[in-house]
Peer 1: 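I'd like to ask you about the structure that follows.
We name chains A, B, ... by the order of the sequence lines, and we start the count at 1 in each one.
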Protein chains: 2
Amino acid sequence: MTTRNIRKTNNEMKGRAVTSQRKLLLDILRKSGGHISAKELYRSASRRNESISLATVYRSLQLFKELDLVEERRLGQVFCTYEMKESAEHQHLVCRSCGKVIEFESPLIRRLVEALKHEHGFNLTKIELYMEGYCKECAKNASDIV
Amino acid sequence: MTTRNIRKTNNEMKGRAVTSQRKLLLDILRKSGGHISAKELYRSASRRNESISLATVYRSLQLFKELDLVEERRLGQVFCTYEMKESAEHQHLVCRSCGKVIEFESPLIRRLVEALKHEHGFNLTKIELYMEGYCKECAKNASDIV
DNA sequence: TATATTTTGAGAATGTTTCTCATTCTCATC
DNA sequence: GATGAGAATGAGAAACATTCTCAAAATATA
Ligand SMILES: [Zn+2]
Ligand SMILES: [Zn+2]
Ligand SMILES: [Zn+2]
Ligand SMILES: [Zn+2]
């Protein structure tokens, strides 16, 4: 088997420069398991690259969004959280008491998208179902107190 | 018919002071038809009360939320928008091109809530389905260009 | 009306995200 | 491997939404 000089189409970055900062940030994002904020990402990256700038983190996240590599969501807080898009499409359930995030997905959502396309002629690009409440444990503890 | 001195149970404000600022803000919210930002509300209120403070607007919105009078939603932007809760429960569809907001509601959402309650024992307090895309008109214009 | 409690205005402070610009890095080409 | 044009970076300033502080004013209750 000969190793031919195949032009490496830099698939993931679609022609944008592959810098050490971007590699580092993607690596952290992949290993983080999702729902990481820009600041957390920055702190995490700083441990491996002393001089990385918060601006670079934000700029990279912006780029990753454009390249469809990461997904940006707001989970109740003012700030956004980020996670790799490789994981299956899902929605979020956040506990107001303990902050736990439950991910779930449901066929009902796909049906809803279809219905909206038909009824309003809307071409959807983003679906965010955000739900907040009290998880089983926290609801239980609250009722124990009363 | 005698006018008895009935203790006016300040229903809406549940014992909290009824100030001119709060009355003004509720009035604007009611007449605005929904999806108004804190800043817009502030500007609107300033026209009728020169000296009202932006902090008062934020504090009042906080209170109205607690009293369950208004609902706070994020429609894609960094800032929140507010609308009276009197209107039927609904969800939002926002056009990325023209900014148009379409309100809709669907029985599928109620079914989803039931399913989540059963599957995860989650006691839901807030449901925000936010969808983004291109409306019929904007999608059409875009394809005309191409 | 008098008094205790809330609320307000103004501006400072906070927290997140974006911008600016001089310097550095990347990558296609030689 | 060296070169150069263009892209990306670091550092801090700026922008933006939101919250906090505190003295002064308004409100509710008796
Ligand atoms: Zn919980
Ligand atoms: Zn997730
Ligand atoms: Zn549109
Ligand atoms: Zn609405």
Peer 1: If you assign Leu54(A) and Tyr82(B) each to the DNA chain D nucleotide with the nearest heavy atom, which residue ends up on the more 5' nucleotide?
Peer 2: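 The residue whose closest nucleotide sits nearer the 5' end is Leu54(A).
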
Peer 1: Any side-chain N or O of Gln62(A) under 4.0 Å from OP1/OP2 of dT17(C)?
Peer 2: no

Peer 1: I need the CG-P distance between Leu63(B) and dT19(D), as an integer number of Å.
Peer 2: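 My rounded result for the distance is 14 Å.
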
Peer 1: Which whole-number value in Å describes the distance from Tyr42(B) OH to dT18(D) C1'?
Peer 2: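 Computing the Tyr42(B):OH to dT18(D):C1' distance gives 14 Å.
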
Peer 1: Is the phosphate of dA8(D), meaning OP1 or OP2, less than 4.0 Å from a side-chain N or O of Thr56(A)?
Peer 2: no

Peer 1: Using a cut-off of strictly less than 4.0 Å, decide whether Arg22(B) has a side-chain nitrogen or oxygen near OP1 or OP2 of dT7(C).
Peer 2: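 It does, given that an N or O in the side chain of Arg22(B) lies less than 4.0 Å from OP1 or OP2 of dT7(C).
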
Peer 1: Could you check whether Arg96(A) pairs with Glu132(A) (Lys NZ or Arg NE/NH1/NH2 to Asp/Glu carboxylate O, under 4.0 Å)?
Peer 2: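 So Arg96(A) pairs with Glu132(A) through a salt bridge.
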
Peer 1: Using whole Å, what does the distance between atom C1' of nucleotide dT27(D) and atom CD of Gln21(B) come to?
Peer 2: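 Nearest whole value for this atom pair: 11 Å.
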
Peer 1: Between Arg73(B) and Glu128(B), does at least one N-O distance fall below 4.0 Å, as a salt bridge requires?
Peer 2: yes

Peer 1: How many Å lie between CZ on Arg43(A) and P on dG15(C), as a whole number?
Peer 2: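 Rounding to the nearest Å, CZ of Arg43(A) and P of dG15(C) are 11 Å apart.
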
Peer 1: Enter the distance from Leu29(B):CG to Ile36(B):CD1 here, rounded to the nearest 0.5 Å.
Peer 2: 6.0 Å

Peer 1: Could you tell me whether Ile52(B) contacts a base, only the sugar-phosphate backbone, or nothing, with contacts defined as non-hydrogen atoms closer than 4.0 Å?
Peer 2: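 Sugar-phosphate contact only.
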
Peer 1: Between atom CD of Glu12(A) and atom CG of Leu67(A), what is the distance when rounded to the nearest 0.5 Å?
Peer 2: 8.5 Å

Peer 1: Of the options dT18(D), dT8(C), dT26(C), whose atoms approach the side-chain atoms of Thr19(A) most closely?
Peer 2: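 The nucleotide sitting nearest to the side chain is dT26(C).
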
Peer 1: OP1 or OP2 of dG10(D) versus the side-chain N and O atoms of Ser51(A): is any pair under 4.0 Å?
Peer 2: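 For dG10(D), OP1 or OP2 has a side-chain N or O of Ser51(A) closer than 4.0 Å.
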
Peer 1: Quick one: are Arg22(B) and Phe64(B) in side-chain contact, heavy atoms under 4.5 Å?
Peer 2: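 Counting from C-beta outward, Arg22(B) and Phe64(B) do come under 4.5 Å.
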
Peer 1: Report the distance from atom CD of Glu50(B) to atom C1' of dA10(C), rounded to the nearest whole Å.
Peer 2: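 It is 15 Å, rounded to the nearest whole Å.
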
Peer 1: Taking 4.0 Å as the cut-off, does a side-chain nitrogen or oxygen of Arg59(A) come that near to OP1 or OP2 on dA8(D)?
Peer 2: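 No, because none of the side-chain N or O atoms of Arg59(A) sits under 4.0 Å from OP1 or OP2 of dA8(D).
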
Peer 1: Let me know the distance between CG of Leu41(A) and C1' of dT16(C), rounded to the nearest Å.
Peer 2: 14 Å

Peer 1: For atom NZ of Lys126(B), is the number of surrounding heavy atoms from other residues, nucleotides or ligands below 6.0 Å larger than 12?
Peer 2: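 Atom NZ in Lys126(B) is crowded, with more than 12 foreign heavy atoms closer than 6.0 Å.
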
Peer 1: Tabulated below should be each protein N or O lying under 3.5 Å from an N or O of nucleotides 12-17 of chain D; please produce it.
Peer 2:
unit_1: dA17(D); atom_1: OP2; unit_2: Lys39(B); atom_2: NZ; d: 3.0

Peer 1: Specify the separation, in whole Å, of atom CG of Leu24(B) and atom C1' of dT8(C).
Peer 2: 14 Å

Peer 1: Supply the atom-to-atom distance Phe104(A) CZ to His90(A) NE2, rounded to the nearest 0.5 angstrom.
Peer 2: 9.5 Å

Peer 1: Please report, rounded to the nearest Å, how far the C1' atom of dT8(C) is from the CG atom of Leu61(B).
Peer 2: 15 Å

